[in-house]
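Step one of this worksheet: look at the structure below.
Each chain gets a letter, A, B and so on, in the order its sequence line appears, and its residues count up from 1. Small disclaimer: the values here were computed from a predicted structure and weren't measured.
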Amino acid sequence: EAGVAQSPRYKIIEKRQSVAFWCNPISGHATLYWYQQILGQGPKLLIQFQNNGVVDDSQLPKDRFSAERLKGVDSTLKIQPAKLEDSAVYLCASSLGRSSLAKNIQYFGAGTRLSVL
Amino acid sequence: AQSVSQHNHHVILSEAASLELGCNYSYGGTVNLFWYVQYPGQHLQLLLKYFSGDPLVKGIKGFEAEFIKSKFSFNLRKPSVQWSDTAEYFCAVIPRFKAAGNKLTFGGGTRVLVKP
């Protein structure tokens with residue numbers, strides 16, 4: 001079974017530039033998550049989609065971050081404009097999204113490491 | 001807001017030593033508990049999980065964890081580590097009420113280095 005795919009793996013930009021990350025979840029997974037992992041910390045949820053609808057975006061800095069999942073499969077996360085403190089690894093995860101708890105395990109991609117200079 | 005605390009940021013030990021990583025969470029209701037592992041250069045992988053039932057759960061690669069409800073703890077253990085257990089370990093929690101969705105709250109992680 002193919003895992004969660006993310007691209008690019010690395011990105012270096014200057015502050016005030018924009019950047020976009022792409023995620024392709026595991027086939028059949030209805031729920032998709034974007035996490036931000038700052039160096040030395042655990043991942044923090046930014047946004048959660050159920051199919052193409054947003055379930056939770058309470059920790060997404062909406063003045064500069066946006067995300068979409070138009071067809072309920074792939075997703076993109078955008079930062080515009082980037083700040084120095086946005087340097088982090090951006091992780092995408094997916095889960096089946098069913099009501100059964102045993103089927104809501106989250107599977108993670110390798111992440112995109114963003115450096116903002 | 002709920003939080004997850006991992007007591008040690010870094011652990012260094014020799015092969016064949018025993019490992020125990022502490023994890024405490026601050027939520028009074030029913031929770032689902034997880035340990036994830038991230039090997040160098042790899043993605044986060046599920047090591048083990050607890051939903052209900054026997055509080056002693058066994059995961060992959062000889063790891064086990066014990067849920068102690070009265071202590072709000074979910075400590076990870078392995079009796080004898082190998083060099084290949086060098087990784088970063090994350091404890092995570094999902095409160096089990098509908099409004100929580102499936103939102104994982106992670107601890108800060110513990111970097112484990114096993115010396116050959």
Interatomic distance, B/Phe34 atom CZ to A/Gln106 atom CD [nearest 0.5 angstrom]
7.5 Å
For the CD1 atom of B/Ile94 and the CD1 atom of A/Ile105, what is their distance to the nearest 0.5 Å?
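Those atoms lie 7.5 Å apart.
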Side chain, backbone, both or neither: which part of B/Leu46 has a non-hydrogen atom closer than 4.5 Å to chain A?
side chain
Can you tell me which portion of B/Gln38 sits under 4.5 Å from chain A's heavy atoms? Options are side chain, backbone, both or neither.
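For B/Gln38, side-chain heavy atoms alone lie under 4.5 Å from chain A.
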Proximal component of A/Gln37, with respect to chain B [non-hydrogen, under 4.5 Å]:
side chain
For [X], does the [atom1] atom sit with more than 12 other heavy atoms under 6.0 Å from it, leaving out its own atoms?
{"X": "B/Leu113", "atom1": "CG", "answer": "yes"}
{"X": "A/Leu39", "atom1": "CG", "answer": "no"}
{"X": "A/Lys71", "atom1": "NZ", "answer": "no"}
{"X": "A/Gln80", "atom1": "CD", "answer": "no"}
{"X": "B/Trp83", "atom1": "CH2", "answer": "no"}

Any non-hydrogen side-chain atom of [X] less than 4.5 Å from a side-chain atom of [Y]?
{"X": "B/Lys103", "Y": "A/Ser58", "value": "yes"}
{"X": "A/Pro43", "Y": "B/Phe90", "value": "yes"}
{"X": "A/Tyr33", "Y": "B/Leu104", "value": "no"}

Would you list the pairs meeting disulfide bond (SG atoms under 2.5 Å apart) in which at least one residue belongs to residues 45-88 of chain A, sequence neighbours left out?
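Residue pairs passing disulfide bond (SG atoms under 2.5 Å apart), neighbours aside: none found.
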